[in-house]
There are 2 protein chains.
Amino acid sequence: MSSPTIDDVAKQAKVSIKTVSRVVNREPNVRKETREKVQHAIDLLGYTPNLSARRLAAKRSFLVGLVYDNFHATSAYVVNVQCGVMASCSQSGYELLIHPLNVDNATLINEVIDFTHRSQVDCLVLPPPLSDHTHLCNQLAAQNIPFVRLSPVFNLNDSLYVQTNDRSAAFDMTMKLIELGHSDIAFVAGRPDHYAVSERHLGFVDAMQSAALPIREEWIKIGASTFDSGKDCGVALLKNTPRPTAIFAGNDEMAAGVMSIAHTLGIRIPEDLSVAGFDDSDLARQSWPALTSVRQPVQAMAKAAADLLFLSLKTPSNTDLSRCFACEIILRDSTGPTIKINETAND
Amino acid sequence: MSSPTIDDVAKQAKVSIKTVSRVVNREPNVRKETREKVQHAIDLLGYTPNLSARRLAAKRSFLVGLVYDNFHATSAYVVNVQCGVMASCSQSGYELLIHPLNVDNATLINEVIDFTHRSQVDCLVLPPPLSDHTHLCNQLAAQNIPFVRLSPVFNLNDSLYVQTNDRSAAFDMTMKLIELGHSDIAFVAGRPDHYAVSERHLGFVDAMQSAALPIREEWIKIGASTFDSGKDCGVALLKNTPRPTAIFAGNDEMAAGVMSIAHTLGIRIPEDLSVAGFDDSDLARQSWPALTSVRQPVQAMAKAAADLLFLSLKTPSNTDLSRCFACEIILRDSTGPTIKINETAND
DNA sequence: TCCAAATATGACAACGCTGTCAATAAAAAC
DNA sequence: GTTTTTATTGACAGCGTTGTCATATTTGGA
């Protein structure tokens with residue numbers, strides 16, 4: 001049961017515990033043959049350093065905290081972020097502590113700060129929408145708690161972050177719809193406090209303007225990033241005539257909601273209506289027809305974020321503070337060329 | 001930055017550190033007024049015990065490990081389990097350490113054992129399919145690592161566990177289909193090594209037998225619990241005549257795959273074909289038509305599992321070793337009464 | 001009032017590691 | 001062959017708690 005300690009290894013290898021410590025921590029200035037001798041003893045005994053002791057002595061916990069909104073984020077996103085961070089952790093010898101919470105909770109900031117102190121994590125990873133919670137970020141900075149932000153929009157100079165080109169990806173997707181012959185394009189925006197998602201709206205606007213297409217105000221709907229809100233927006237967009245020939249939604253869930261309503265109303269996809277989403281979640285592959293979407297390399301981003309964090313912890317002088325990842329458009333069956341509505345046979 | 005230590009509190013309250021320790025740990029034999037005095041000092045200074053020191057001294061980490069398969073479980077399930085365990089953690093003062101892995105990995109057992117030692121977690125929560133990995137469970141037991149199993153099927157006497165009545169829920173769902181007039185019912189089974197899911201197959205068989213309906217072997221398909229495998233099974237079931245009038249899938253993903261194929265083949269749901277899933281995941285609400293499914297109280301189960309674990313850690317003599325939760329059938333739009341195929345108009 | 005028992009508090013040694021700094025061994029320069 | 005420099009190793013003191021055991025202090029009974 002009881003694991004061997006550093007003393008056991010030291011005794012076995014006939015060196016001091018400090019030398020064992022050096023080997024374990026890959027410190028320089030250990031002769032090769034000593035290192036091998038110690039390593040051999042470690043292997044023989046199956047020694048694993050006691051993290052608590054190490055933490056206590058080194059005043060570091062080797063723990064990363066991942067704080068995220070569990071009530072508004074899709075589970076696929078959450079899991080991808082977890083995996084990405086985890087991948088970086090295993091490389092750097094960190095362990096991952098998670099702390100789901102509700103971003104609408106009034107005590108949010110206290111909860112995060114409390115968690116940080118209680119669990120003694122060395123640093124935090126903040127996915128959206130927490131990454132744009134200015135007050136929280138300021139508090140963390142004030143308390144010298146290192147953190148990295150995923151897909152932030154504001155105050156980029158102040159901290160570590162990893163981004164995607166949401167805006168230009170949304171631009172590209174909109175252009176793709178325009179190339180397919182659509183000009184009557186509606187947009188379903190996400191939660192307004194989820195700023196990364198609002199960038200997508202801007203990209204849509206950019207594209208429409210660059211193609212000199214009119215943006216009809218009644219074809220811009222604000223959803224809540226959920227399937228149900230997508231349904232609501234879908235009803236509002238599709239019940240009236242004229243209706244758009246294409247709907248671009250700020251995320252896949254809302255796009256699926258729109259598709260669901262379209263099916264119910266007997267509107268064929270993609271013949272009568274093209275639908276595009278964003279995120280390329282599992283849902284995009286699993287809905288019918290399979291949803292055209294924009295793939296964000298969430299996992300790679302999360303890994304890069306954690307990499308950045310660990311690097312900056314190790315070498316605080318490091319100037320490499322951010323990375324930007326490119327999105328990729330995934331064309332599936334929910335989008336197609338326009339057909340004039342009065343040419344269709346279904347109604 | 002640097003938090004106050006127990007020394008600071010002791011000095012502030014003019015008592016020894018040991019007395020502060022007693023108050024913090026709610027130990028007996030502290031006079032009421034002393035306790036209040038100390039508590040006041042703690043509040044004043046905003047003292048939080050240093051977990052690493054506590055762990056080192058008490059030889060406990062106050063950490064729970066959640067090890068799960070990240071490649072075959074749906075993210076919704078994973079997130080629900082995390083939340084449930086988390087809920088129990090916050091009550092009991094534990095923190096949650098996660099460790100996703102691939103169950104197909106040959107080094108699985110070593111990886112879990114390594115993780116346990118490295119991270120020094122006090123105990124583990126094992127969701128399926130790990131909960132039925134007999135070899136792993138034996139290893140953990142042999143190493144005196146406490147753990148609780150979620151939805152296990154085998155060796156129930158040997159350990160803590162939390163279960164659902166998968167089999168009888170599958171029975172009920174099948175009966176529901178039979179009551180709707182279906183007799184030509186197919187079943188899509190999940191990964192054979194995911195035993196909890198196989199129980200659902202047994203429930204299906206139970207119901208068919210109790211209704212004296214024949215089980216056609218070519219209408220039992222073995223999937224891999226994924227959407228794509230559901231599509232494959234759907235093709236196999238729906239391309240030939242006669243085809244079933246209802247398909248019951250072992251999970252929602254596969255059910256969605258079946259629906260997708262049905263749509264492609266022009267088979268209307270539920271008019272021509274009823275489809276039922278299991279798990280009541282987000283996907284069930286988000287697919288079209290909305291999927292009839294069986295709701296497992298995953299989060300409540302995970303919480304109960306962790307509760308059980310913490311209780312048994314505290315009072316090892318405790319005899320309350322397991323709990324069983326009931327599933328609930330959620331009727332949605334993907335199931336309906338049978339209509340004879342030659343009466344339908346669509347083909 | 002005094003003494004035993006119960007209750008409350010404190011001193012001090014772990015816990016297993018890392019950081020600091022001194023001591024030694026090896027290499028390089030003279 | 002010395003001396004200087006550099007590389008390698010070790011002794012020892014924390015890190016902030018808890019556990020053990022000894023020492024007050026209070027309580028209750030005679």
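Naming convention: chains lettered A, B, ... in sequence-line order (proteins, then strands); numbering from 1 in each chain. Keep in mind that what you see is a predicted model, and the values were worked out from it rather than measured.
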- Note on the structure: Computed from five pairs at either end and rounded to 10 degrees, the angle between the axes of the helix from C:dT1-D:dA30 to C:dC30-D:dG1 is 30°
- Message: Strictly by salt bridge (charged side-chain N to carboxylate O under 4.0 Å, His left out), give each pair with a member in residues 50-78 of chain A just once, sequence neighbours left out.
- Response: none
- Terminal contacting nucleotides, 5' and 3', DNA chain C versus chain A (heavy atom, 4.0 Å): C:dG16 to C:dT20
- Message: Side-chain N or O of A:Asn29 versus OP1/OP2 of D:dT8: is the shortest distance under 4.0 Å?
- Response: yes
- Task: Classify the ring geometry between A:Phe310 and A:Tyr94 as parallel (under 30°), tilted (30 to 60°) or perpendicular (over 60°).
- Result: parallel
- Item | Nearest-Å distance for atom pair CG/C1', residues B:Asn25 and D:dG19 | 11 Å
- Query: Heavy atom of residues 33-47 of chain B under 4.0 Å from DNA chain D: which residues?
  - Reply: B:Tyr47
- Item | For A:Asp7, salt bridge (charged side-chain N to carboxylate O under 4.0 Å, His left out) partners two or more places apart | none
- Task: Write out all pairs satisfying salt bridge (charged side-chain N to carboxylate O under 4.0 Å, His left out) with one or both partners inside residues 73-99 of chain A, taking only residues at least two apart or from two chains.
- Result: A:Glu95-B:Arg118
- Does B:Asp43 have any salt bridge (charged side-chain N to carboxylate O under 4.0 Å, His left out) partners at least two apart in sequence or in another chain, and if so, which? none
- Task: Just jot down the side-chain hydrogen bond (donor to acceptor under 3.5 Å, both in side chains) partners of A:Thr116, sequence neighbours excluded, or say none.
- Result: none
- Item | Under the salt bridge (charged side-chain N to carboxylate O under 4.0 Å, His left out) test, residues paired with A:Asp307 that sit two or more places apart | A:Lys303
- Item | A:Ser88 (side chain) donor-acceptor with A:Val85 (main chain) under 3.5 angstrom | no
Under 3.5 Å, which donor-acceptor pairs do the side chains of residues 132-140 of chain B form with other protein atoms, sequence neighbours left out?
| unit_1 | atom_1 | unit_2 | atom_2 | d |
| --- | --- | --- | --- | --- |
| B:Asp132 | OD1 | B:Arg149 | NH2 | 3.4 |
| B:Asp132 | OD1 | B:Val153 | N | 3.0 |
| B:Asp132 | OD1 | B:Phe154 | N | 3.0 |
| B:Asp132 | OD2 | B:Val153 | N | 2.9 |
| B:His133 | ND1 | B:Leu136 | N | 3.1 |
| B:Asn138 | ND2 | B:Thr134 | O | 3.4 |

- Task: Return the residues of residues 7-24 of chain B meeting this criterion: a heavy atom under 4.0 Å from some atom of DNA chain C. Order them by number, or give none.
- Result: B:Val15, B:Ser16, B:Lys18, B:Thr19, B:Arg22
- Got a donor-acceptor contact below 3.5 angstrom from the A:Ser61 side chain to the A:Gln120 backbone? yes
- Message: Using OP1 and OP2 only, check whether a side-chain N or O of A:Arg31 sits under 4.0 Å from D:dT9.
- Response: yes
- Side chain to side chain, B:Tyr195 and B:Pro129, heavy atoms closer than 4.5 Å: no
- Query: Considering residues at least two apart in sequence or located in another chain, which fulfil the salt bridge (charged side-chain N to carboxylate O under 4.0 Å, His left out) criterion with A:Asp193?
  - Reply: A:Arg191
